[in-house]
Amino acid sequence: MKKTFMILALTLIGVSACPFQAYAEDREYEELGLTFEVGADLVSSYLWRGQNLGGMSIQPMVSLDWKGLYVSGWANIGADNWSFEELNPELDITIGYDNFGLAVDLTHLYYFGGDPYFGKGGFKAQEQTTGSTMEVHAGLHLGDWFEKFPLSLDWYTTVYGDDCYQDENGEWHRAWSTYIQVGYQFELPLGMTLDTRVGITPWRGMYSFYEEVWEDAKTVAINNINLRLQREFELKHVYLGVWGEMMLNCYGIDKTNLTTTLADKENQRLNWCIGASLFFGSEW
């Protein structure tokens, strides 16, 4: 009888302890809140904010997020053009916070041109000793609040590095090159989405080749009208995406650069690319 009572008591203790143990494990998991993601894009052209920066490229990325606070690394490994004569490697390191529809971050962009990672006088208005730049970003993403209204507004401003110009008197000025983007995503049949983005440059900077933006009718500040049709697939922790993209830069547009075949890709105003993504994500 005593033996039976002992077995029953141990069983009850074990049953009552299991929910507590599961709760403790769940609580520990929720408090950790880490998200890790790694993957890469394969693109036919490196398109960025109205500019064609190169040909076929592999763009790996890794990020670690803790409850909205994150650090990420992104790289571009590709050729300047389809002839594959020269490579144009780039490494971007970002630290920021993205939660509740609000995002703020700081990114350092380095281009491996033989210049130091941080050049001297990078915050001064002068000829730079580094080809790298640093920019701050603030974003408002309404889709995080209202699922049926995926409107986004993002502001990017360069604050460091090779972003200065000389005026007509030879004096150096920091450009504070700025790019403002409005985006909206449309849900389409067959699980497809259409991302629409319009980007403008409000004043003289890198996006206007350091020319006066409002000087004449040719210097329209809209430097990116972008359409991206994509299809995404998810299987547990694996993500696959394929897309096609068209990009029109209205700044300084005329009949000579409204083409996709210029040898000087940076001056090309109409660009397109196709791409595929493969990413793996995990949570702790």
So, the side chain of Ser57 versus the backbone of Gln59: is there a donor-acceptor pair under 3.5 Å, distance only? no

Here's a test for you: under side-chain hydrogen bond (donor to acceptor under 3.5 Å, both in side chains), which of Thr157, Thr201, Asn223, Asn224 qualifies with Tyr179? Asn224

Modelled atom types, side-chain donor and acceptor of Thr94 and Thr107, under 3.5 Å: yes

Under 4.5 Å between any side-chain heavy atoms of Thr196 and Ile225, yes or no? no

Under 6.0 Å from the CG atom of Leu153, do we count more than 12 heavy atoms belonging to anything else shown? yes

Other residues, nucleotides and ligands only: do more than 12 of their heavy atoms fall within 6.0 Å of CD1 on Ile58? no

Taking Asn52 for the side chain and Gly54 for the main chain, is one N or O donor matched with an acceptor at less than 3.5 Å? yes

In terms of heavy-atom contacts, Tyr97 and Tyr70 come closest through N-CE2, 3.7 Å

Between the side chains of Asp163 and Ser177, is a donor N or O closer than 3.5 angstrom to an acceptor N or O? yes

For Asn226, run the side-chain hydrogen bond (donor to acceptor under 3.5 Å, both in side chains) check against Arg49, Gln181, Glu245 and tell me which one passes. Glu245

Shared hydrophobic cluster, Leu229 / Leu248 (ILVMFWY, side-chain heavy atoms < 4.5 Å): yes

So, Glu211 versus Tyr251: side-chain donor-acceptor pair below 3.5 Å or not? yes

Any side-chain heavy-atom pair from Asp154 and Tyr156 closer than 4.5 angstrom? yes

For Pro202 and Ile180 the tightest heavy-atom approach is CG-CD1, 4.1 Å

Could you check whether any side-chain heavy atom of Ile222 comes within less than 4.5 Å of a side-chain heavy atom of Val198, counting everything from C-beta outward? yes

Any side-chain donor near an acceptor of the partner, Ser277 and Asp41, under 3.5 Å: yes

If I take atom OG1 from residue Thr193 and atom CG from residue Leu188, how far apart are they, to the nearest 0.5 angstrom? 7.0 Å

To the nearest 0.5 Å, what is the distance between CG (Leu258) and CD1 (Ile253)? 4.5 Å

Mark yes or no for whether Trp145, through its side chain, and Phe100, through its backbone, hold a donor-acceptor pair below 3.5 Å. yes

With a 3.5 Å cut-off and no angle check, do the side chains of Thr178 and Trp176 form a donor-acceptor pair? no

State whether the side chain of Asp254 and the backbone N or O of Thr256 hold a donor-acceptor pair below 3.5 Å, judged by distance alone. yes

Do Ile274 and Met247 belong to the same hydrophobic cluster, where Ile, Leu, Val, Met, Phe, Trp and Tyr are linked whenever their side-chain heavy atoms lie under 4.5 Å apart, directly or via other members? no

Side-chain heavy atoms of Phe118 within contact of Pro116, under 4.5 Å: no

What pairs of residues pass the side-chain hydrogen bond (donor to acceptor under 3.5 Å, both in side chains) test when at least one of them lies in residues 109-126, not counting sequence neighbours? His108-Tyr117

Under 3.5 Å, is there a donor-acceptor pair linking the side chains of Asp167 and Tyr210? no

Main chain of Gly161, side chain of Arg174: is a donor-acceptor contact present, judged purely on distance under 3.5 Å? yes

Closest approach of Asn249 to Gly50 (non-hydrogen atoms, all atoms of both residues): ND2-O, 3.0 Å

Could you tell me whether the side chain of His141 and the main chain of Ser152 form a donor-acceptor pair under 3.5 Å? no

Hydrophobic cluster membership, with links at side-chain heavy-atom distances under 4.5 Å among I/L/V/M/F/W/Y: are Leu190 and Trp243 in one? no

